[in-house]
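Reading through the structure tokens given below for one structure.
What you see is a predicted model, and the numbers here were worked out from it, not measured in a lab. Note: hydrogens, waters and symmetry copies are ignored here, and every other heavy atom, side chains too, is used. Sequence positions, counted from 1, serve as the residue numbers for this chain.
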Amino acid sequence: MSILRKPGLMLSILMLALTVVAMIVPQLIAPYDPYDSVGSMRLAPPSLEHLFGTDHLARDVFSRVVYGAQLSVTAAGLAVVGGVIVGSIVGLVCGYLGGTVDFIAMRFVDVLIAIPGILLALIVVASLGFGPFSIALGVGLGTAGSFARMMRSAVLRVRSEEYVEAARTLGARGPAILVRHVLPNAARPIVAMAALELAVAILSVSALSFLGFGAQPPAPEWGSLVSAGRDFVAIAPWLSILPGVVILAVVLSVNRVSRFFGGDR
């Protein structure tokens with residue numbers, strides 16, 4: 001199999017599998033409770049007993065990173081799902097109807113795309129309050145414009161195909177044509193784009209959490225773990241470095257796997 005001949009891809013799949021397990025049943029991987037101290041060993045360096053060391057409250061950092069997947073990756077996943085749903089609906093309707101509806105809606109999409117995603121997410125979080133849900137909503141809104149553009153382009157290509165014209169000839173109406181014929185054939189590029197956007201969303205969620213806009217302490221969000229280690233970077237740099245390495249590994253793994261299944265072998 002071609003997958004077995006690609007060690008980098010295999011490592012990426014393994015990393016994503018471990019991330020999924022950490023999201024669903026973190027206790028299978030994490031050796032300690034992420035909120036409880038494990039003794040009096042504060043700021044202990046990485047060891048066989050504590051793979052990522054301990055923090056200033058003697059909590060096992062590895063366990064906190066594992067449990068943090070539930071918050072960070074889930075928020076990123078919700079952001080992408082929300083962006084796909086909103087963007088796809090807008091792009092589907094605009095691409096199929098065209099005309100004035102398409103022109104007006106796409107101008108709003110252009111404005112949405114022009115605003116940096118992080119800035120848009122900050123506006124949403126500032127309006128709704130801190131927390132993973134607000135972050136997911138803000139990041140998802142930032143991705144919706146790109147999905148709308150992609151879906152519109154796909155619909156413009158598909159709607160002129162012969163099978164769509166045949167459906168119209170047989171008396172099918174607009175909603176039925178959209179759902180049965182246009183959407184299934186226009187959705188493929190959206191799926192590939194969603195996988196790539198997940199990696200970006202994880203970075204965005206972690207960045208906002210780093211700035212303090214995510215779940216508040218002691219919740220172990222990945223970005224907040226990196227941020228919490230800044231005060232001890234001179235004496236315990238692993239508190240920031242190791243959670244950051246995990247974020248980087250997950251993002252690169254998502255990117256590599258999505259590229260492979262998207263056709264870039």
Cluster overlap [X] with [Y], hydrophobic side-chain contacts below 4.5 Å:
{"X": "V257", "Y": "V246", "answer": "yes"}
{"X": "V233", "Y": "F210", "answer": "no"}
{"X": "V125", "Y": "L211", "answer": "yes"}
{"X": "V191", "Y": "L92", "answer": "no"}

Go through the structure and list residues passing side chain to side chain donor-acceptor pair (under 3.5 Å) with S63, not counting sequence neighbours.
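Here the qualifying residues are D60.
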
Closest approach of [X] and [Y], non-hydrogen atoms and distance?
{"X": "A195", "Y": "V254", "answer": "O-CG1, 3.3 Å"}
{"X": "L71", "Y": "A219", "answer": "CD1-CB, 3.9 Å"}
{"X": "V65", "Y": "W222", "answer": "O-NE1, 2.8 Å"}
{"X": "S206", "Y": "I247", "answer": "OG-CD1, 3.8 Å"}
{"X": "P189", "Y": "M150", "answer": "CB-SD, 3.9 Å"}

Output field: ring centroids H56/F232 closer than 6.0 Å
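When the ring centroids of H56 and F232 are compared, they turn out to be within the sub-6.0 Å range.
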
Got a sec: does the CE of M41 have more than 12 other heavy atoms crowding it under 6.0 Å?
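Not more than 12 within 6.0 Å, no.
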
Derivation and outcome, side-chain contact (heavy atoms from CB on, under 4.5 Å), residues R64 and F52
CA-CA 10 Å; R64 289 179 62 77; F52 287 5; over 6 Å; no

Less than 4.0 Å between a side-chain N and a carboxylate O, is that true for R152 and D102?
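R152 and D102: salt-bridged.
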
Does NZ or CZ of R149 lie under 6.0 Å from the centre of the six-membered ring of F147, at an angle within 45° of the ring axis?
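R149 over F147 ring: no.
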
Out of the candidates F62, W238, Y32, only one should pair with H50 under the ring-ring contact (aromatic ring centres under 6.0 Å, His included) rule; please name it.
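Testing each of F62, W238, Y32 against H50, the sole residue satisfying ring-ring contact (aromatic ring centres under 6.0 Å, His included) is Y32.
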
